[in-house]
Amino acid sequence: MELITTALIGKLPDEIQSEFELDEVTHEIIKCPKGEKPYKTRYYEKTGLYRASFNKKTCEHCPLREKCGAKLQKKSAYVLITAKTIQRASYLKKMSTEKYSVLQKIRNGVEGIPSILRRKYHVDVIPVRGLVRSKIWFSFKIGAINAKKVLKMAAEMAASLYKNIEIKFILTKTGKNQAKLLLSA
């Protein structure tokens, strides 16, 4: 089962933070996004915060330092990060893929039907009593939504068919060069 979220609320971490590797058994950071191993790690159990200390010379010239959140000190550099931040960064990375955006659109389409039923078809206030009559009434509402979708699709198909016929007529009447000009305008 995969969780599909359409948006994340709150402060958004940088996607590069998803590449930190944690060992949740020993509570250590194994490596940073660049692949460097910290020389010292510490886990704060109360807050769930990981602190990793890296060599200052390595982090000073790293191109990912601004994005990974490393802070330079006098002799070293350190990163404070939580497992939740890494998880949120990986969600952000997933949300930017093409596959994920297609799945988000499907979810939004499914969530729209109950909204339409409430706002446009007033299913919260059905003027009948009884289970069978309520089911029949609700079925007519769903049927109305489906009929409108079919009519809309038929109208779009008719419009595209009309456009294709008009283009063919222009091609036969005026010639190919003028038809290209008409299509580009």
Side-chain angles (χ1 to χ4, degrees), residues 1-124 138-139 141-146 148-150 152-153 156-157 160:
M1 183 184 269
E2 187 176 348
L3 176 67
I4 298 170
T5 56
T6 54
L8 290 176
I9 57 173
K11 185 180 177 188
L12 298 177
D14 201 298
E15 289 181 13
I16 201 77
Q17 290 180 334
S18 68
E19 296 177 23
F20 275 98
E21 284 189 31
L22 294 178
D23 185 359
E24 293 190 21
V25 177
T26 60
H27 295 295
E28 292 181 342
I29 295 179
I30 298 170
K31 66 178 186 175
C32 75
K34 184 80 173 179
E36 298 291 329
K37 288 187 175 186
Y39 67 85
K40 181 176 150 186
T41 62
R42 186 162 180 193
Y43 176 68
Y44 300 100
E45 198 169 331
K46 281 186 177 180
T47 58
L49 194 69
Y50 290 88
R51 179 188 168 110
S53 298
F54 295 94
N55 188 352
K56 183 178 180 180
K57 290 178 184 174
T58 309
C59 284
E60 235 174 4
H61 304 293
C62 180
L64 303 176
R65 182 171 60 91
E66 296 296 323
K67 294 182 179 181
C68 78
K71 294 174 181 64
L72 297 176
Q73 291 182 318
K74 192 173 187 178
K75 296 180 181 179
S76 66
Y78 72 94
V79 174
L80 294 172
I81 197 162
T82 63
K84 190 175 180 179
T85 304
I86 295 171
Q87 184 182 27
R88 287 174 57 86
S90 66
Y91 278 146
L92 276 178
K93 205 174 200 179
K94 265 197 232 177
M95 287 171 67
S96 62
T97 63
E98 183 65 32
K99 176 188 169 191
Y100 209 77
S101 66
V102 170
L103 291 173
Q104 286 177 331
K105 289 177 186 173
I106 292 170
R107 178 180 172 197
N108 288 340
V110 170
E111 289 175 353
I113 292 172
S115 174
I116 290 171
L117 284 169
R118 282 201 152 103
R119 287 183 293 110
K120 193 170 184 179
Y121 294 100
H122 309 291
V123 294
D124 292 332
F138 197 78
S139 297
K141 302 286 186 175
I142 299 293
I145 289 175
N146 291 337
K148 282 201 170 192
K149 284 183 181 179
V150 168
K152 184 178 179 182
M153 188 176 71
E156 288 173 358
M157 288 175 65
S160 68

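Here the structure is a predicted model, which is why all the values come from computation and not from measurement.
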If you count heavy atoms of other groups shown closer than 6.0 angstrom to CD of E45, is the number above 12? no

Inspect the surroundings of CZ in R51 and state if more than 12 heavy atoms from other residues, nucleotides or ligands are less than 6.0 Å away. yes

Return each pair, listed once, that meets ring-ring contact (aromatic ring centres under 6.0 Å, His included) where at least one residue sits in residues 44-78; pairs must be two or more places apart or across chains. Y43-Y50

All heavy atoms of C68 vs all of I16, minimum pair found to be N-CG2, 3.8 Å

Can you name the closest pair of heavy atoms from L22 and I29 and give their distance? CD2-CG1, 3.4 Å

Salt bridge between E15 and K93, side-chain N to carboxylate O under 4.0 Å? no

Working to the nearest 0.5 Å, report the span between OG1 of T58 and NZ of K37. 13.5 Å

pair L117-K120: side-chain heavy atoms closer than 4.5 Å: no

If every non-hydrogen atom of P38 is compared with every non-hydrogen atom of I30, which pair is closest and at what distance? CD-O, 3.5 Å

State the NZ-CG distance between K94 and L92, to the nearest 0.5 angstrom. 11.5 Å

Is it the case that the side chain of K141 and the backbone of Y121 share a donor-acceptor pair, with hydrogens and angles ignored and the cut-off at 3.5 Å? yes

Quick one: which of E36, E21, E19 gives a salt bridge (Lys or Arg N to Asp or Glu O under 4.0 Å) with K31? E21

Which atom names give the shortest non-hydrogen contact between K74 and K56, and what distance separates them? O-NZ, 3.3 Å

Are F20 and V79 side-chain neighbours, meaning at least one heavy-atom pair lies under 4.5 Å? yes

Tell me the closest heavy-atom pair linking C59 and R65, and the distance in Å. O-CD, 3.0 Å

